[in-house]
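All chains are named by letter (A, B, ...) in the order of the sequence lines, taking the proteins before the strands, and each is independently numbered beginning at 1.
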Amino acid sequence: MCDCTDHKEEIPAYDAKTIEEKWVKAWDDENLFAVDTDPAKPKKYVLEMFPYPSGDLHMGHARNYTIGDAMARQARMRGFDVLHPIGFDAFGLPAENAAIKHNTQAAAWTYKNMDQALATMKRMGFSYDMDRLVKTCSPDYYRWGQWIFEKLWERGLVYRKKNPVNWCPKCETVLANEQVTEGRCWRCDSEVEKRDLEQWYIKITAYAQELLDDLEKLPGWPERVKQMQANWIGRSEGAEVDFTLCDAEGNPIEGDEGKITVFTTRADTLFGNTFFLLAPEYKGLMEMVEGTEYEDAVREVVEGAKHISAVERAQGTLEKHGAFTGRYVVNPVSGAKVPVWVADYVISDYGTGAVMAVPCGDQRDFEFAKKYDLPIVPIILSDDDPLYDQLKDEKSTVVTSVDWDEALTCEGTLVQSGKYTGMVGGKHSEGEAAIVADLEAAGTGKRSVQYRLRDWLISRQRYWGNPIPAIHCEHCGIVPVPEDQLPVTLPENLDLGAGETLAECRDFYETTCPVCGAPARRETDTMDTFTCSSWYYLRYTDPHNTELPFSKDAANHWMPVDNYIGGIEHAILHLLYSRFFTKALRDMGFLDVDEPFTNLLCQGMVKDENGDTMSKSKGNVVPPSSVIEPYGADTMRLAILFIAPPEKDFDWDPKAVAGANRFIKRAWNIVWRLANDGDANAVLDTSVFSDADMKLYRERHRTIARCTQDFDRQQFNTAISAVMELVNAASTYLNAVAAGERNAALCRLVATDIVSVLAPVCPFWGDELWHEALHNEGSVYTAPWPEFDLSEAVEDEVEIAVQVLGKMRAHTKVPTGATPEQMQAAAESVASKWLEGKTVVKAICVPGKLVNLVVK
RNA sequence: GCCCGAGUGGCGGAAUUGGCAGACGCAGUGGACUCAAAAUCCACCGGUGGCGACAUCGUGCGAGUUCGAGUCUCGCCUCGGGCACCA
């Protein structure tokens, strides 16, 4: 009950629980949030990253969806046709592990969690179009995942390869490169092992350059996310250089391929190349040394490299090991014959797996040369180096050892480099360009670009995922499951508790070859769950299509997603894969957009009161229900949006939540009081306004302008503070003006304004007031966003700041629209104290803001 | 090592294009109401000096540009993030 003096009886108490339960039901009955594609309105596709159903929603979800929901609701009020769907990323290991542990079915666990999460979403008031709900573990969804897989396969973007891969011993499956962080599994943090296995890959590298280039088409993405993707793609410009293999005497060797190619970004340093390195996994390495005196030493290095863990490698402080192979190569520029070694710091799957070592300019090569006593020829020096004067002219002088402690990695001038001596060296330098040009002319090298990005390993040796639609036939090889036989249905009755796997499920794997009809074995690996989440946003545009994953028209209408909201942890994984899927599907003609997500908002984390991340194991999780029960979902939503800007982490603060609830109640009372004094039929006429009316009216235009802009900027914290100011102004008005003297049209207007602008944040509160206090029909959800006109907010007089020599000295009032001369005169009279004995030589006037007097 | 961010009261944070630093809120202090408390309402609320008007300092540190710098430039410091034996 409000205790203001004038309307005590007419204002009902704010009872969140009753109100919210009432509206949850009403919205559900009406199916209020279902979107009909309306071509007359501009479209807006607002999407939050769909959840993995690991249990009930947590605070991170609540924040993610509250941000999206406020955006979607406000866009709806501003006249957009808004698509705002939800679904579940329902395949994945946690379901399978839970099923194993409790001896149940992964499906049952997943469906139970999805139901619970859906109930919480409704309780939170999220305006999802539930007709478009997508669950990735449902056959009518994963069928199309298989279909897309086969289309990629047809197009040559799917292949199998035997290769050393990342294996997580705890998850008992392989992992993509993107799923390994500092040598550890992204999911369980176990140390990842290398295993040589044949696996399925998607050729994302075919799109490396476009994925990099098109980051520039994404001004609505956070810079750091684009940076992370660019780093991950890791483009390096350089050259491929061919070296000729030979023996100690310089003669070609029978059976050798004759040449080995390396990639280098520093062709300018070719004259400093004093040895040559192969990765331990280099193909043909063991054959090269077989039966020679070098075999044992090389084998030791190769075997030793297998035991270097990715975690150790990531620390970058490993001691280097190597062995001479007995072979030599001829450097195509210097003509030098240099020894070929195997070295465990050379990475087999970058470039060609072979490296020309330049110890004088590369710290790693330098350390290796020191350890194995290989020559270090200085070929690039800064001009203050003691050796520089000795070497800069005398092209014949040959220095093959130095007493340095580390390599010279600075840029400098080339020395001891034949005709290139004297040129500037370095990446993309004059010297590099000259040498590459000559290599190209001689046919022993060419410009080349390498990427750090690897193809996406998508097969998983796990049950709860989308089956790879392939059949292994003894006669026909590996063939796709014919389209009319899709989906390959995942059996839901495995005895996971007893350790049964798909590979042991005879009913599943026994099949016949679709080509020759012979008995054949179905592929029993499933796809990485990230394949499921790489196109779900497309399925939402046409979720019930039974002919295609989505129609081109529907996708072209709704795509791209205008606002995508989710956690930074997907900066590389999900966002890179989705960008790739969109481009590949575009190239196959299924839609016409280049990029799936126009604007990306990465919301910050919700931490506990002490700034620690919330986790079950720490026991510091604050469940959403702990706020919804005592205060209601509106308070929860308001608190989440008000405490901090959306992209920042914040520490959970119960006091701030109580404060949010206090504001909701205060605003509730103010709206009621205004509504009771308001009259929906009164005509707004500013000519009869009192000073107090005018003040509130102006404040109303000002604060709604700010609130609107802040919604556009997605700064919900300041949008809410603008609403608070409007509420404060209304409160001041109600306190200052007696009940009978309030302007009925103005009271009605401001009451409607407050309800409307706060409704996207507090929708239950909004609809209750919309009906009960304002007696409107329909829902505030479909009401128009308040109009504003800043020219209505202009005062007759403005207060300006007066500075003398840039120091704040005084304030004064001038008429709105005062000329610079008038402003200066007003400023001089009020600042006379600081002007004594001085002359004003200049006055800088910022209209309506300040005057700065420059004096001598 | 390379590449990005960020640093503002006791706290969360404002300051949108170089123009009055600290909006809005939390916490706190004082007051009204109350037998009292809670709730609510009103006022105050960066440091130092002063009864006070006011003065002075103040946006991580140091320079610079400018009539004027939280905002721009240069050089540092601290924290956070990404990549990394990638040739």
S.K.: Quick one about A/Ser429 and A/Glu432 (side-chain donor to acceptor, distance below 3.5 Å, no hydrogens or angles considered), yes or no?
M.R.: no
S.K.: When you measure from the side-chain N and O atoms of A/Arg713 to the phosphate of B/A15, is any distance below 4.0 Å, counting only OP1 and OP2?
M.R.: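 Yes, because at least one side-chain N or O of A/Arg713 sits under 4.0 Å from OP1 or OP2 of B/A15.
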S.K.: Quick one: is A/Ser236 getting a side-chain N or O under 4.0 Å of the B/A87 phosphate, OP1 or OP2?
M.R.: yes
S.K.: Could you pull out the closest heavy-atom pair between A/Pro339 and A/Thr274, with the gap in Å?
M.R.: CD-O, 3.5 Å
S.K.: For B/C85, does OP1 or OP2 lie under 4.0 Å from any side-chain N or O of A/Lys320?
M.R.: no
S.K.: Counting heavy atoms from C-beta on, name the nucleotide in B/A87, B/G13, B/G19 closest to the side chain of A/Lys648.
M.R.: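 It is B/G13.
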S.K.: Please state whether the phosphate of B/C26, meaning OP1 or OP2, lies under 4.0 angstrom from any side-chain nitrogen or oxygen of A/Arg662.
M.R.: yes
S.K.: Syn or anti for B/G9, please, going by whether the chi angle lies within 90° of 0.
M.R.: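 What B/G9 shows is a syn base, its glycosidic angle lying within 90° of 0.
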S.K.: Using the side-chain heavy atoms of A/Lys833, tell me which of these nucleotides is nearest: B/A87, B/C54, B/G82.
M.R.: B/C54
S.K.: Among B/U16, B/C20, B/G13, which is the nearest nucleotide to the side chain of A/Ala644?
M.R.: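 So the nucleotide nearest the side chain must be B/G13.
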S.K.: Please check: side-chain N/O of A/Thr839 versus main-chain N/O of A/Val841, any donor-acceptor pairing under 3.5 Å?
M.R.: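 Pair absent, no side-chain N/O of A/Thr839 close to backbone of A/Val841.
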S.K.: State which of B/G82, B/A14, B/C67 makes the closest approach to the side chain of A/Asn231.
M.R.: B/G82
S.K.: Take atom P in B/A14 and the same atom in B/G9, then report the distance between them in whole Å.
M.R.: 14 Å
S.K.: Taking only the P atom of each, what is the distance from B/G75 to B/C2 in whole angstrom?
M.R.: 14 Å
S.K.: Please tell me which of the listed nucleotides, B/C42, B/C24, B/G68, lies nearest to the side chain of A/Phe642?
M.R.: B/C24
S.K.: Excluding sequence neighbours, so at least two apart, what forms salt bridge (charged side-chain N to carboxylate O under 4.0 Å, His left out) with A/Arg452?
M.R.: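 A/Arg452: no salt bridge (charged side-chain N to carboxylate O under 4.0 Å, His left out) contacts found.
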S.K.: Measuring to OP1 and OP2 of B/G25, would you say a side-chain N or O of A/Thr718 lies under 4.0 angstrom away?
M.R.: no
S.K.: Taking the same atom, P, in B/C11 and in B/A27, what whole-Å distance lies between them?
M.R.: 15 Å
S.K.: In dot-bracket form, 5' to 3', how is RNA chain B paired? Count Watson-Crick and G-U wobble pairs only if both distances fall under 3.5 Å, and write | where the partner sits on another strand.
M.R.: (((((((..(((......[....))).(((((.......))))).((((....))))..(((((..]....))))))))))))....
S.K.: OP1 or OP2 of B/C41 less than 4.0 angstrom from a side-chain nitrogen or oxygen of A/Arg666, does that happen here?
M.R.: yes
S.K.: Under 4.0 Å between any heavy atoms, over every strand shown, what does A/Ile643 touch: base, sugar-phosphate, or nothing? Just pick one.
M.R.: sugar-phosphate
S.K.: Counting only heavy atoms not in A/Lys695 (residues, nucleotides, ligands), do more than 12 fall under 6.0 Å from its NZ?
M.R.: no
S.K.: Give a yes/no verdict on a cation-pi contact between A/Lys320 and A/Phe368, requiring under 6.0 Å between NZ or CZ and the six-membered ring centre and an angle within 45° of the axis.
M.R.: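 Geometry flag: not set, cation outside 6.0 Å or 45°.
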S.K.: Pick the nucleotide of RNA chain B nearest each of A/Gly353 and A/Ala722; which residue has the one closer to the 5' end?
M.R.: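 Nearest nucleotide further toward 5': that of A/Ala722.
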S.K.: Return no unless some side-chain N or O of A/Asn717 is found under 4.0 Å from OP1 or OP2 of B/A14.
M.R.: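 Answer yes for this pair, as a side-chain N or O of A/Asn717 is under 4.0 Å from OP1 or OP2.
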S.K.: Strictly below 4.0 Å: does A/Asn728 bring a side-chain N or O up to OP1 or OP2 of B/G25?
M.R.: yes
S.K.: Taking the side chain of A/Arg364 as its heavy atoms from C-beta onward, which of B/A27, B/C85, B/G82 lies nearest to it?
M.R.: B/C85
S.K.: So does A/Arg673 get a side-chain nitrogen or oxygen closer than 4.0 Å to the phosphate oxygens (OP1/OP2) of B/U40?
M.R.: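 No, A/Arg673 has no side-chain N/O under 4.0 Å of OP1/OP2 on B/U40.
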S.K.: If each of A/Trp232 and A/Thr732 is mapped to the nucleotide of RNA chain B with the nearest heavy atom, which maps nearer the 5' terminus, i.e. the 5' end?
M.R.: A/Thr732
S.K.: Cut-off 3.5 Å, no hydrogens considered: what does the side-chain donor-acceptor table look like for residues 654-665 of chain A, sequence neighbours left out?
M.R.:
{"unit_1": "A/Asn661", "atom_1": "ND2", "unit_2": "A/Thr635", "atom_2": "OG1", "d": "2.9"}

S.K.: Answer yes or no: is there a side-chain heavy-atom contact under 4.5 Å between A/Leu414 and A/Phe271?
M.R.: no
S.K.: Taking 4.0 Å as the cut-off, does a side-chain nitrogen or oxygen of A/Tyr451 come that near to OP1 or OP2 on B/C86?
M.R.: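 No, because none of the side-chain N or O atoms of A/Tyr451 sits under 4.0 Å from OP1 or OP2 of B/C86.
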